[in-house]
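These values consider heavy atoms only, across backbone and side chains, with no hydrogens, waters or symmetry-generated copies. Lettering of chains follows the sequences in order, A, B, ..., and the numbering in each one begins at 1.
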Number of protein chains: 2
Amino acid sequence: MKKFVYQFKEASQLDCDRRALFGGKGANLAEMTKLGMPVPQGFTITTEACTQYYLDGEKISDEIQAEIMENIAKLEKLVGKEFGSLDNPLLVSVRSGARASMPGMMDTILNLGLNDEVVVRFAEKTGNPRFAYDSYRRFIQMYSDVVMEVGKKYFEQLIDEMKEKKGVKLDTELDADDLKALAEQFKAEYKAKIGKDFPQDPKEQLMGAVKAVFRSWNNDRAVYYRRMNDIPGDWGTAVNVQMMVFGNMGDTSGTGVAFSRNPATGEKGLFGEYLMNAQGEDVVAGVRTPSPISHLKDTNPKVYAEFVDIVKRLEDHYRDMQDMEFTIEEGKLFMLQTRNGKRTAAAAVKIACDLVDEGMLDEKQALLSLDPKQLDALLHPRFDEAAYKKAKPIGRALPASPGAACGKVVFTAEDATDWVVNKGEKRVVLVRLETSPEDIEGMHYAQGILTVRGGMTSHAAVVARGMGTCCVSGCGDININEEKKVFTLGGKTFHEGDWISLNGSTGEIFAGELPTVEAELSGYFGRIMEWTDKYRALHVRTNADTPRDARQARTFGAEGIGLCRTEHMFFEPDRIMAMREMIVSDTVEKREKALAKLLPMQQGDFEALYEALEGTPVTIRFLDPPLHEFVPTEEADIKALAKDMDMTVDAVKAVITGLHEFNPMMGHRGCRLAVTYPEIAVMQTKAVMQAAIAVQKKHPDWKMVPEIMIPLVGEIKELAYVKGVVVSTADKCLADAGVQMKYKVGTMIEIPRAALTADAIATEAEFFSFGTNDLTQMTFGFSRDDAGKFLNAYYEKKIYESDPFARLDQVGVGKLVKMAAELGRATRPDIHLGICGEHGGDPSTIEFCHNIGLDYVSCSPYRVPIARLAAAQANIKNPRK
Amino acid sequence: MKKFVYQFKEASQLDCDRRALFGGKGANLAEMTKLGMPVPQGFTITTEACTQYYLDGEKISDEIQAEIMENIAKLEKLVGKEFGSLDNPLLVSVRSGARASMPGMMDTILNLGLNDEVVVRFAEKTGNPRFAYDSYRRFIQMYSDVVMEVGKKYFEQLIDEMKEKKGVKLDTELDADDLKALAEQFKAEYKAKIGKDFPQDPKEQLMGAVKAVFRSWNNDRAVYYRRMNDIPGDWGTAVNVQMMVFGNMGDTSGTGVAFSRNPATGEKGLFGEYLMNAQGEDVVAGVRTPSPISHLKDTNPKVYAEFVDIVKRLEDHYRDMQDMEFTIEEGKLFMLQTRNGKRTAAAAVKIACDLVDEGMLDEKQALLSLDPKQLDALLHPRFDEAAYKKAKPIGRALPASPGAACGKVVFTAEDATDWVVNKGEKRVVLVRLETSPEDIEGMHYAQGILTVRGGMTSHAAVVARGMGTCCVSGCGDININEEKKVFTLGGKTFHEGDWISLNGSTGEIFAGELPTVEAELSGYFGRIMEWTDKYRALHVRTNADTPRDARQARTFGAEGIGLCRTEHMFFEPDRIMAMREMIVSDTVEKREKALAKLLPMQQGDFEALYEALEGTPVTIRFLDPPLHEFVPTEEADIKALAKDMDMTVDAVKAVITGLHEFNPMMGHRGCRLAVTYPEIAVMQTKAVMQAAIAVQKKHPDWKMVPEIMIPLVGEIKELAYVKGVVVSTADKCLADAGVQMKYKVGTMIEIPRAALTADAIATEAEFFSFGTNDLTQMTFGFSRDDAGKFLNAYYEKKIYESDPFARLDQVGVGKLVKMAAELGRATRPDIHLGICGEHGGDPSTIEFCHNIGLDYVSCSPYRVPIARLAAAQANIKNPRK
């Protein structure tokens with residue numbers, strides 16, 4: 001028979017993945033027991049019991065109940081106390097403990113085992129009736145709230161009434177009799193709400209508490225947290241049942257929390273606080289001010305020394321910064337918990353470096369200790385920690401693009417540009433109702449952007465994230481008058497030039513000037529990044545369309561461009577007209593005339609991009625979006641186009657109407673444009689080749705090898721046709737220039753059929769770049785724009801646990817990617833393979849890409865350091881031969 | 001070295017797929033040579049030479065040219081004549097001959113080898129200068145037209161001028177000198193157009209002609225024909241070079257064509273015609289009227305007897321009806337060609353049966369001899385052959401739905417119904433500007449439908465094809481006044497009650513009453529269908545939503561329904577309101593109230609369907625389309641809905657706007673509706689189960705096993721969730737009724753991810769039905785509605801050769817289907833597998849489905865006989881163990 005319950009001691013002997021079976025808390029309690037540290041003893045009910053509970057239709061089976069009670073008996077024997085005994089009662093705490101730390105789940109029930117009879121003797125025995133009745137009323141309150149889901153508020157109201165009656169203000173001013181009366185009132189409230197008496201049988205109490213922990217694994221907050229953090233829903237949680245020790249038994253008792261290093265800065269040294277004569281929740285509640293941990297040295301040097309010793313041993317043992325809870329019961333130290341401490345990104349990189357320098361970790365271990373996603377915080381300016389702690393936000397909206405910004409308010413993008421470029425103002429924050437494409441330049445010059453309307457995917461949000469500029473969006477509380485250049489928020493009025501500060505990582509808005517700290521890419525961060533390059537096998541490129549983004553990505557360590565979207569260039573005001581002329585042309589000749597206007601512009605763009613990339617590879621993707629994205633919608637623009645093309649307005653409108661598509665995602669786009677209008681591919685090939693030739697001449701030491709990528713290919717003959725156009729044009733360009741230069745033609749794999757027939761496609765394609773955005777849409781059969789309407793229901797019903805557009809679906813889409821990689825290599829062993837969808841910056845996807853043997857990932861500039869770390873971690877875990 | 005050219009005799013000895021290598025014509029010439037029949041000797045340049053020609057950049061390589069000339073030498077030796085010789089010139093014909101008969105390619109060049117010198121001696125030697133110069137001028141004309149692409153019209157103009165000058169009307173009235181002069185004029189015309197002299201070197205002439213044949217393989221008409229007939233573009237054509245024999249050498253010479261059986265009716269007996277003193281083209285040109293072949297018996301009994309003997313031997317040899325060309329040169333019979341003859345559908349089934357009765361074929365061979373697609377013509381009424389031959393159409397439009405129809409003109413659907421139901425009129429034809437959903441009932445009662453507007457996919461066309469009703473659509477030549485009930489076409493005016501006849505297979509429109517012949521499903525056709533059932537392994541079901549369609553399909557032999565689309569029922573006027581109420585409901589309760597109205601209607605529909613199916617299986621697919629397809633667009637309907645739901649008009653409009661989707665194909669539809677609104681699935685499950693229970697009670701001998709199909713599944717948990725809803729509802733229905741009944745829950749496999757994860761999906765699905773319409777869209781990444789904009793360019797550029805929505809793409813989509821079938825069976829060996837996309841009625845797709853081991857195909861009612869035959873053929877070719 002499977003064993004579902006283990007004493008800490010038993011658990012510490014077990015040779016298995018303890019964290020998976022006992023959860024983090026249980027595994028660490030077992031470990032501390034093994035290390036001989038003073039841990040109040042108890043037992044862990046495994047995560048498998050949780051899984052079994054769900055398999056059994058949300059019931060704890062009789063077998064598991066029996067096993068739990070056997071372990072209560074063992075614990076009784078071990079500690080010499082008895083569950084439900086009047087003379088020597090065993091009281092326990094019940095805590096959840098999943099494999100990964102998970103806020104949102106049920107946390108703790110304390111003092112379980114108390115009942116009407118036990119509490120009387122407990123009061124007598126401890127000689128502290130106030131303590132006993134306080135413990136009892138706390139237990140009733142916690143149990144009612146957590147196990148029976150009777151809201152806390154009913155009990156708090158009773159406490160408030162009692163305080164009012166007694167004319168006191170603080171809970172601590174209530175005496176033993178008051179608390180005894182409250183316990184009675186609580187039980188009555190319980191009965192009124194539940195329809196049954198408060199359970200007096202400790203076994204019944206215990207099973208209720210265990211069940212509540214299991215249940216909490218699937219509450220909404222826990223499910224949401226798991227989805228946000230990629231934690232599988234089938235892991236389940238363990239339950240720890242542990243003998244109570246009391247920090248509130250008098251002046252020689254106490255409780256506290258401590259970190260072995262400073263979690264904000266990473267500085268070495270004990271960091272924490274404690275309260276004497278208190279239980280854990282008092283420290284958190286903030287009724288009394290705790291003392292810094294260093295004071296313990298003076299007031300209780302023996303305990304302090306013992307604690308310091310334990311901390312050192314724990315750090316040595318876990319080789320990481322520890323976050324610990326302890327209790328002192330009548331002068332004796334007990335360790336209630338230890339775990340690897342959460343820390344800021346800055347602390348994380350410093351600690352990783354320090355641990356290497358201290359010889360505790362090697363470089364690989366240090367890299368594995370870091371969370372790639374956390375790095376993002378280091379890439380943007382942030383607020384000075386001290387000033388930020390003190391500041392109070394005047395408003396809060398959507399954290400649309402991370403980082404901290406501080407500057408003078410301007411109300412138009414033109415002003416932002418003008419103030420910075422002409423007036424020498426260093427820092428402005430652009431405040432707008434919403435932004436639009438004309439605002440781009442001003443957005444570049446602003447430190448931060450604050451909008452009244454628009455969500456996480458609004459224009460402001462998307463553009464700001466691309467630029468790495470701090471942005472807070474959708475602040476509906478703002479009352480703005482853009483004409484008068486004034487807005488109000490949180491009761492404050494702001495005029496042009498007033499100071500404001502934004503936290504794009506949290507969505508907080510502050511009045512005034514909050515000092516910021518610039519992103520520091522050298523130092524500890526730089527050292528970590530050097531290590532990543534040493535240990536990774538995957539190359540990291542960036543998705544960038546402009547020299548600015550490209551340069552940014554280069555500072556973050558990008559080794560080239562994996563995806564340059566050429567269409568973004570066409571949206572700029574001076575080009576869109578030529579683009580529109582091309583679209584409404586009804587003959588090849590007219591189209592070529594319009595394309596001829598675009599050629600020098602596009603060539604110039606590519607030259608600038610090649611310059612920024614300094615000879616590293618650049619993959620240029622040919623025109624992808626459907627043409628209707630470029631046509632004018634405003635009557636005036638339509639008229640201008642008609643005049644320009646010597647057409648009637650109706651004729652232009654007819655062309656625009658004709659471009660309408662039922663499903664634009666699956667319409668006339670990608671290489672389908674090059675098949676119907678090969679002259680577009682001709683122009684783009686000329687632009688690429690002529691730019692490369694020009695840059696090569698300027699920089700003879702760079703080895704220019706243009707990479708042309710054909711999008712949306714689904715069939716080999718389609719690629720062969722477009723490649724034919726590209727090759728004949730490119731060869732002519734080279735011949736005309738009298739230059740010899742290698743160039744590559746490859747394709748996006750973003751259509752399921754391309755993946756399925758990748759062996760054929762590889763006969764023509766010299767590289768594959770997996771376009772996992774489209775591939776995900778088509779493999780799942782839902783469009784990203786429309787899926788919002790139903791995906792929430794899918795999360796709620798636990799059908800999907802993570803957003804397939806953020807984290808690659810390895811089961812379905814990944815199967816296609818793997819298949820295509822294998823088929824492609826079978827045909828062309830040296831085919832160059834990469835990924836350029838947004839997934840390219842997601843650590844779990846990067847690990848997948850490493851494992852299936854891709855050559856590179858390409859991601860947005862601000863994701864490059866994350867990708868470098870994730871790639872190193874993947875190769876450390878599973879080294880590539 | 002590869003051999004590219006074979007003498008007929010050599011070819012006849014070769015052990016290979018001769019048809020593939022030599023084309024049909026070449027293979028049969030070799031075969032006749034082998035059989036010792038009088039065939040003018042020659043040689044065949046293989047299809048591989050054609051492929052090589054394209055590989056070599058549209059050049060005939062020196063090696064192949066040399067091989068051709070070696071074979072000319074062999075031929076010279078064999079027949080004792082010499083190419084280019086003045087004394088005994090070898091003249092040859094050059095003809096294309098592909099593996100499959102292909103109109104649209106270059107056909108024939110005759111008399112090649114003539115030049116200015118040869119013709120002189122030829123005239124002398126034959127003693128027939130008129131014949132010699134006529135042959136020469138024909139050769140120049142054909143060569144210029146076919147090889148050099150100088151239009152025929154220039155030469156015809158010269159002939160006309162000559163006739164005018166001579167004051168004659170017929171070509172035959174021109175004498176030898178006239179023709180000699182014409183030959184000179186033709187050469188001058190050639191030089192004027194080409195800039196070079198007409199080639200005098202027979203070798204140059206020959207190479208030019210061979211090249212022209214190869215080139216014609218890829219001309220537009222040939223490419224189009226291949227696409228329409230699923231002929232691969234890489235087959236290439238062979239070229240036959242054959243010694244000329246002359247039917248125009250005097251009164252003992254002649255030429256003719258004959259069939260071994262009547263190609264229109266299948267009646268046994270020689271059928272054909274001939275002309276004495278003529279070349280082949282004269283028979284076709286229709287200048288003189290040919291004699292029926294039977295006359296030959298009287299005028300030339302010896303040749304006739306020899307021919308009859310050859311025909312019998314050829315039929316015995318090929319075991320099929322033969323289509324032959326022959327020439328009599330000075331009393332000697334030559335066979336120029338034989339091939340299996342094209343025939344009408346009616347002739348095809350009769351001949352197949354007769355050949356079995358005559359012991360020439362067994363049943364399997366007879367089935368293989370039929371073209372499944374041809375059967376369609378037998379399923380609809382057709383015109384009496386004799387009357388049809390004589391009739392002249394007054395107009396022509398799109399052949400929207402096949403068959404023949406004849407009836408009195410009515411101008412409204414109401415009249416159609418009224419005339420048939422109340423006035424006892426048997427036959428009416430509905431003539432409308434265009435039809436709309438309200439016309440459905442009247443369309444049911446009409447024999448045929450004629451519309452002024454709308455294409456092949458207009459409402460009228462789609463509905464008529466579904467009903468199997470004849471329809472001609474988009475006749476823009478009609479001038480109609482619907483109010484006055486009158487229209488004009490071809491100069492004729494038609495009033496209500498006037499007779500009109502339509503041919504929906506050709507698009508022809510006739511004035512008056514053209515007698516029709518009803519479809520005959522018994523007789524020869526019935527016998528063939530019985531054989532198909534004997535030899536097929538695949539079951540054939542139908543896609544039907546109404547009892548009428550279901551009954552139609554049953555008469556065609558459908559063994560059940562593979563796809564019943566429940567949403568079609570919701571569009572009917574009495575239901576759409578309840579559906580709309582459901583959609584605009586903002587609470588589950590309101591939605592359930594609206595669904596409760598739909599329940600009895602849907603249950604009634606299912607009962608009627610179950611009755612029509614007589615206990616055979618019915619797969620019912622749950623609601624699939626996005627909800628916005630149901631909402632009102634007319635202001636009046638919106639107001640009515642608002643009033644009905646006690647909502648403001650604005651609120652209703654807001655709901656409608658909110659339903660807008662960017663890519664509806666990939667939006668909130670299919671099982672996604674059941675996940676967000678499980679109450680819809682509950683209602684549909686109740687309707688299915690309650691209907692099945694009621695019908696089972698009425699027919700205790702039927703074994704009702706409802707099959708519920710969940711559409712658009714992409715993930716196992718999604719199916720598990722919806723199945724959970726279905727199962728709990730179904731079980732409750734059964735428990736409430738106190739009935740025990742098996743039922744099955746399965747899924748469509750129509751999303752790539754479902755195919756990729758079919759092993760997981762099969763843990764819940766008891767059957768898979770491949771929805772190849774959507775699967776094709778998503779695998780190719782283009783929507784059927786939008787692909788029209790670029791697919792023509794793809795056909796022109798030979799990227800795709802057939803419409804992937806008509807014929808399953810076996811390479812890509814088929815790979816997914818095969819993978820899913822294998823994965824599904826690995827999990828659940830007895831999983832029931834079928835296909836229900838439109839591909840289910842396509843013969844090549846059916847063969848594929850058979851080969852990968854599916855259990856059934858499901859297609860539209862009129863495709864059922866086609867599917868039965870295709871399934872039998874597949875199993876005969878590749879028997880299932």
Side-chain angles (χ1 to χ4, degrees), chain A residues 626 658-670 672-673 675-678 712 714-721 750-757 760 774-787 789-794 797-801 809 811-813 815-816 819, chain B residues 626 658-670 672-673 675-678 712 714-721 750-757 760 774-787 789-794 797-801 809 811-813 815-816 819:
Chain A
L659 289 171
H660 167 79
E661 296 190 299
F662 296 97
N663 294 287
M665 252 287 306
M666 308 181 83
H668 193 183
R669 52 178 284 243
R672 295 161 195 167
L673 295 169
V675 170
T676 47
Y677 307 122
L712 218 73
E715 152 66 37
I716 173 58
K717 290 188 193 161
E718 185 179 35
L719 174 60
Y721 175 80
E750 53 187 332
I751 295 233
R753 196 175 186 278
L756 291 163
T757 62
D774 273 6
L775 193 60
T776 297
Q777 298 195 80
M778 294 181 195
T779 305
F780 275 87
F782 51 66
S783 109
R784 195 170 179 169
D785 291 330
D786 299 308
K789 284 189 188 146
F790 53 84
L791 274 186
N792 276 335
Y794 275 66
K797 291 170 180 173
K798 300 189 194 79
I799 293 171
Y800 294 128
E801 295 199 354
D809 158 51
V811 175
V813 181
K815 191 169 183 176
L816 278 180
M819 187 187 299
Chain B
L659 289 172
H660 168 78
E661 296 190 299
F662 295 98
N663 295 288
M665 251 289 304
M666 309 182 80
H668 192 184
R669 52 177 283 245
R672 296 162 194 165
L673 294 169
V675 169
T676 47
Y677 308 121
L712 218 74
E715 152 66 38
I716 172 59
K717 290 188 193 161
E718 186 179 34
L719 174 60
Y721 175 81
E750 54 187 332
I751 295 234
R753 196 175 187 277
L756 291 162
T757 63
D774 273 7
L775 192 61
T776 297
Q777 297 194 81
M778 294 181 194
T779 304
F780 275 87
F782 51 65
S783 108
R784 194 169 179 169
D785 291 330
D786 300 309
K789 285 189 188 147
F790 53 84
L791 274 187
N792 275 335
Y794 275 67
K797 289 169 182 175
K798 301 193 192 71
I799 293 170
Y800 293 127
E801 297 199 353
D809 158 51
V811 175
V813 181
K815 190 169 183 176
L816 278 180
M819 185 188 299

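Of the listed residues (Ile751(A), Thr779(A), Thr757(A), Ile716(A)), the greatest number of heavy-atom pairs within a distance under 4.5 Å of chain B belongs to Thr779(A). Among Ala793(B), Ser783(B), Gly812(B), the residue making the largest number of heavy-atom pairs under 4.5 Å with chain A is Ser783(B). Ranked by heavy-atom pairs under 4.5 Å with chain B, the first of Val811(A), Asp774(A), Leu816(A), Asp786(A) is Asp786(A). In terms of heavy-atom pairs under 4.5 angstrom with chain B, the leader among Glu715(A), Glu661(A), His668(A), Arg672(A) is Arg672(A). The most heavy-atom pairs under 4.5 Å with chain B, out of Gly670(A), Gly667(A), Gly714(A), Ala754(A), come from Gly667(A). Between chain A and the options Gln777(B), Glu718(B), Lys815(B), Arg669(B), the largest number of non-hydrogen pairs under 4.5 Å is found for Glu718(B).
Of the two parts of Asp809(A), only the side chain, counted from C-beta on, holds a non-hydrogen atom closer than 4.5 Å to a non-hydrogen atom of chain B. Residue Pro626(A) does not touch chain B at all, counting heavy-atom pairs closer than 4.5 Å. Residue Phe790(B) touches chain A through both its backbone and its side chain, counting heavy-atom pairs closer than 4.5 Å. Residue Glu750(B): no heavy atom, backbone or side chain, is found under 4.5 Å from chain A. Contact annotation for Leu659(A): only backbone heavy atoms (N, CA, C, O) come within less than 4.5 Å of a heavy atom of chain B.
Taking the side-chain hydrogen bond (donor to acceptor under 3.5 Å, both in side chains) definition, one finds that Lys717(A) meets it with nothing, sequence neighbours left out. By the side-chain contact (heavy atoms from CB on, under 4.5 Å) test, Leu791(A) pairs with Phe782(A), Ala787(A), Tyr794(A), Tyr795(A), Tyr800(A), sequence neighbours left out.
For Lys797(B) (side chain) and Val675(A) (main-chain N/O), a donor-acceptor pair under 3.5 Å exists by modelled atom type. When atom types are taken as modelled, the side chain of Asp785(B) and the backbone of Phe662(A) share no donor-acceptor pair closer than 3.5 angstrom.
The OG1 atom of Thr676(A) sits 11.0 Å away from the NZ atom of Lys789(B) when rounded to the nearest 0.5 Å.
Closest approach of Met778(A) and Pro752(A) over heavy atoms only: CB-CD, 3.6 Å.
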